[in-house]
There are 2 protein chains.
Amino acid sequence: MQQFLDIARALADENRLRALLALKDRELCVCQIMAMLCLAPSTVSKHMTVLKQAGLVDSVKRGRWVYYRLPDRATNPDVARALEWVFGSLQEEARIKDDANRLCCILCMTPEELFKKLVMDEGQGPRTGVALAPGPGE
Amino acid sequence: MQQFLDIARALADENRLRALLALKDRELCVCQIMAMLCLAPSTVSKHMTVLKQAGLVDSVKRGRWVYYRLPDRATNPDVARALEWVFGSLQEEARIKDDANRLCCILCMTPEELFKKLVMDEGQGPRTGVALAPGPGE
DNA sequence: GCTATAATTCGATGTGTGGCGAAATATAGG
DNA sequence: CCTATATTTCGCCACACATCGAATTATAGC
């Protein structure tokens, strides 16, 4: 029951759902999720902690970066069922697909290009240092 | 997305889950759910409203009583998937089985017997008029 | 119509949660 | 060792939410 409640509560927030869906085909580090969600590092960190406590993601630390990814299936049937529910229901969501597109840009662009795009998209400078550092993907 | 969030938030509360599970094999009116959860009528009413808004239950008014029940399947795939997840994960939960047993008593006992049992179980009088009125099952 | 009862709505209250910035921690690279 | 960077932890604030009691609405029975 507690396990189920942890999962349900973790899934009851739009930004956590977006983060979870973004992990479908790849692992991501916190700074990439920050760029995708446009949230402060502390906020993203807390969200990922909630997801991890619920068993919905795993994390690995490599160098300075912490990578989050979906857990191995078959670990926990409750988690597996929950993830099936989430992906089955939201994969085709417009917002999620848009995230996937933007994520593609975040992963491929150089920091300078990313900076310009953020400025153009939002009409203002990027948040607290988002994407200004040479990301882990290079 | 909004639909999914409504469902996830509705499922992120233990008392709402217990109410939902209790509706598996039967419809129940608010006063019966009150007796099962030991919560004030206003609280139960609000919980059931949340579940209904999410599409997880339907309601029918008959006389003075409002009966809640699970919605017809095939109405909404998102809801159907969510209910499968809930029942698949929680049906065997100890707490839920205990609820089912107590519900059996609530539905079968006369108000006087129910009163005595509540007093014995909790070492105190029942809450705001719980089960002291001739319920709809008689 | 009047009373009793089932349920909902309303108002108040304490608790939980999402968000931020600042400080702390960990690590890579000079 | 010192600096820069990635992440987490901490303290704070605003807002959402679970809960209650009281007031309100709807209905059944006299």
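Proteins come first, then strands; the chains are lettered A, B, ... in the order of their sequence lines, and each starts at number 1.
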Scoring nucleotides 22-30 of chain D by protein non-hydrogen atoms under 4.0 Å (B base, S sugar-phosphate only, - none) yields B---SBS--
Report the distance from atom CG of A:L28 to atom C1' of D:dT7, rounded to the nearest whole Å. 15 Å
Of B:R16 and A:M48, the one whose closest nucleotide on DNA chain D sits nearer the 5' end is A:M48
Under the side chain to side chain contact (heavy atoms under 4.5 Å, CB included) rule, what do B:L23 and B:M48 come out as? Steps first, then yes or no, please. CA-CA 11 Å; B:L23 295 176; B:M48 299 316 289; 4.1 Å; yes
Going by an N to O cut-off under 4.0 Å, is there a salt bridge joining B:E14 and A:R9? no
Between D:dT19 and B:T43, is there an OP1 or OP2 to side-chain N/O distance shorter than 4.0 Å? no
Choose from C:dA7, D:dT8, D:dT19 the nucleotide whose nearest atom is closest to any side-chain atom of B:C29. C:dA7
Ion pair B:E93/B:R18, N-O distance below 4.0 Å: no
Output the distance between atom CG (A:L17) and atom CZ (A:R95), rounded to the nearest 0.5 Å. 11.0 Å
Nearest whole angstrom, please: distance from the P of D:dA16 to the CD of A:E14. 15 Å
May I have the distance from B:L51 (atom CG) to D:dC17 (atom P), rounded to whole angstrom? 14 Å
Short question: side chain of B:S89, backbone of B:W85 - any donor-acceptor pair under 3.5 Å? yes
Whole-Å distance between D:dC15 C1' and A:D13 CG? 13 Å
Spacing of A:M34 atom CE relative to D:dT8 atom C1', expressed in whole Å: 12 Å
side-chain N/O A:H47 vs C:dG19 OP1/OP2, d < 4.0 Å: yes
Can you measure from CG (B:L90) to CE (A:M1) and round to the nearest 0.5 angstrom? 5.5 Å
Using whole Å, what does the distance between atom C1' of nucleotide C:dA7 and atom CG of B:L39 come to? 15 Å
Answer yes or no: side-chain N or O of A:K46 and base N or O of D:dT8 forming a donor-acceptor pair under 3.5 Å. no
Check the phosphate of D:dA6 against A:Y68, side-chain N and O only, distance under 4.0 Å to OP1 or OP2. Yes or no? no
Atom CZ of A:R9 and atom P of C:dT15: how far apart are they, to the nearest Å? 16 Å
Who passes salt bridge (Lys or Arg N to Asp or Glu O under 4.0 Å) against A:K97, sequence neighbours left out? A:E92
From CG of A:L11 across to P of C:dT17 the rounded distance in Å is 14 Å
